[in-house]
**Student:** 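Structure provided below as structure tokens; questions to follow.
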Amino acid sequence: MAHRTRLAPSPTGALHLGNAQTFLVNWAMARQQGWRIVLRIEDLDGPRVKHGADRDAMELLAWLGIDWDQGPFYQSHNLAPYQDALRLLAARGLAYPCNCTRSEIEAASRSAPHADEHELCYPGTCRPAELTPISASDVDLDACGWRFRVEPGEQAFVDQFAGEQRIDLSKSVGDFQIWTKGGLPSYQLAVVVDDAGQGIDRIVRGNDLVTSTPRQQQIAAALGVEYSPQFWHLPLVRGEDGKRLAKRHGDTRLAHYRTLGVPAERVIGLLAEWCGIGPREPMTAEELSARFQIERMPAGDVTFLAADDAWLTQTS
Ligand code: GLU
């Protein structure tokens with residue numbers, strides 16, 4: 001059976017050069033190696049989802065020359081598989097309710113290390129001392145947040161691009177959220193249910209998600225689902241200040257360049273250079289895929305410079 005990968009845009013904002021880089025590499029690897037591609041729209045991030053951003057993302061992927069074999073599948077269209085997964089974890093005592101606010105967690109974990117600038121290490125305030133199974137009828141899916149009870153200890157996995165990774169979730173993030181008070185699954189739970197359910201065994205994504213992988217592996221093990229994908233966590237594109245590409249770095253949205261009349265081949269030419277294909281020159285996605293070699297992709301994050309923007313927008 002063919003391997004399967006997924007393109008998983010979140011319709012929470014417009015696609016920029018950084019997203020394009022990851023999607024293009026994922027697509028090129030899939031086309032080179034005969035993997036099937038599923039398009040999944042990850043639209044569960046309630047308040048941040050922007051109306052029409054799904055359509056825009058699909059249009060821009062097509063503009064770049066990126067296609068897919070199945071989908072789009074929208075996570076929001078059927079919540080039942082995520083609800084079932086939460087109920088199963090709760091029944092096994094591996095999920096528990098927690099409505100702590102961010103400031104409460106902050107106050108309780110003042111002396112504990114923080115996972116990163118956005119994420120706090122949950123200090124275990126609501127964690128039952130022992131495994132406490134909760135029956136399905138007692139699982140409040142609508143107005144209660146739920147956390148996953150992490151297995152302590154160092155966990156190792158081999159990333160096909162970034163090499164061996166080791167992480168102890170109990171020290172970095174602690175028991176993380178898998179269900180929100182708003183009645184929706186969190187990214188970590190939804191992505192495991194879908195990757196397992198859709199038979200995804202090749203995952204290519206940005207290295208900002210490398211610390212999510214052990215969480216997803218633990219959830220999958222707790223659910224008892226078939227899940228042993230190979231992972232490639234790729235370099236991100238950053239602005240000159242070293243921060244992840246965002247609005248403050250100017251308009252790097254694909255839609256912006258498209259509106260200016262920049263040909264997709266030029267955008268791909270820049271991404272090709274970032275992928276280690278050689279000096280930038282306009283090319284199609286097909287051409288990139290014919291020349292791309294993952295072994296030659298530079299390991300470090302890329303810096304987007306004003307000169308890159310100038311090269312994209314030059315008219316001759
Ligand atoms: N939807 C996620 C994003 O846009 C990707 C998640 C994943 O690849 O696991 O960042």
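One-based numbering, in listed order, for ligands and for the atoms of each.
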**Student:** Strictly below 4.0 Å, N to O, side chains only: are R31 and D69 in salt-bridge contact?
**Tutor:** yes
**Student:** Which atoms of ligand 1 are found less than 4.0 Å from any heavy atom of V191?
**Tutor:**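 Going through ligand 1 atom by atom, the ones under 4.0 Å from V191 are 9 (O).
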**Student:** Is E104 atom CD crowded by more than 12 heavy atoms from other residues, nucleotides or ligands, each under 6.0 Å away?
**Tutor:**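 Yes.
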**Student:** Let me see the working for E281 and R291 under salt bridge (charged side-chain N to carboxylate O under 4.0 Å, His left out), right down to the final yes or no.
**Tutor:** CA-CA 13 Å; E281 52 173 319; R291 295 171 59 183; 3.3 Å; yes
**Student:** What do you reckon, is NE2 of H51 surrounded by more than 12 foreign heavy atoms closer than 6.0 Å?
**Tutor:**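 Count not over threshold, so no.
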**Student:** Report, in ascending order of atom number, the atoms of ligand 1 lying under 4.0 Å from any heavy atom of Y187.
**Tutor:** 6 (C), 7 (C), 9 (O)
**Student:** Atoms of ligand 1 less than 4.0 Å from A8 heavy atoms?
**Tutor:** 1 (N), 2 (C), 3 (C), 4 (O), 5 (C)
**Student:** For atom 3 (C) of ligand 1, what is the nearest protein heavy atom, given as residue, atom name and distance?
**Tutor:** S10 OG, 3.5 Å
**Student:** Using a 4.0 Å heavy-atom cut-off, which part of L209 comes near ligand 1: side chain, backbone, both, or neither?
**Tutor:** side chain
**Student:** Is D301 salt-bridged to R244, going by a charged N under 4.0 Å from an acidic O?
**Tutor:**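 A salt bridge is absent here (no side-chain N lies under 4.0 Å from a carboxylate O).
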**Student:** Please confirm whether Q216 comes under 4.0 Å of ligand 1, counting heavy atoms of the residue only.
**Tutor:** no
**Student:** Considering R6, E42, Q188, R40 one by one, which has a heavy atom nearer to atom 2 (C) of ligand 1 than any of the others?
**Tutor:** E42
**Student:** Once you measure the plane-to-plane angle for F231 and F157, does it fall in the parallel (<30°), tilted (30-60°) or perpendicular (>60°) bin?
**Tutor:** perpendicular
**Student:** Which of the numbered atoms in ligand 1 are under 4.0 angstrom from any heavy atom belonging to R205?
**Tutor:**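 That gives atoms 7 (C), 8 (O), 9 (O) of ligand 1.
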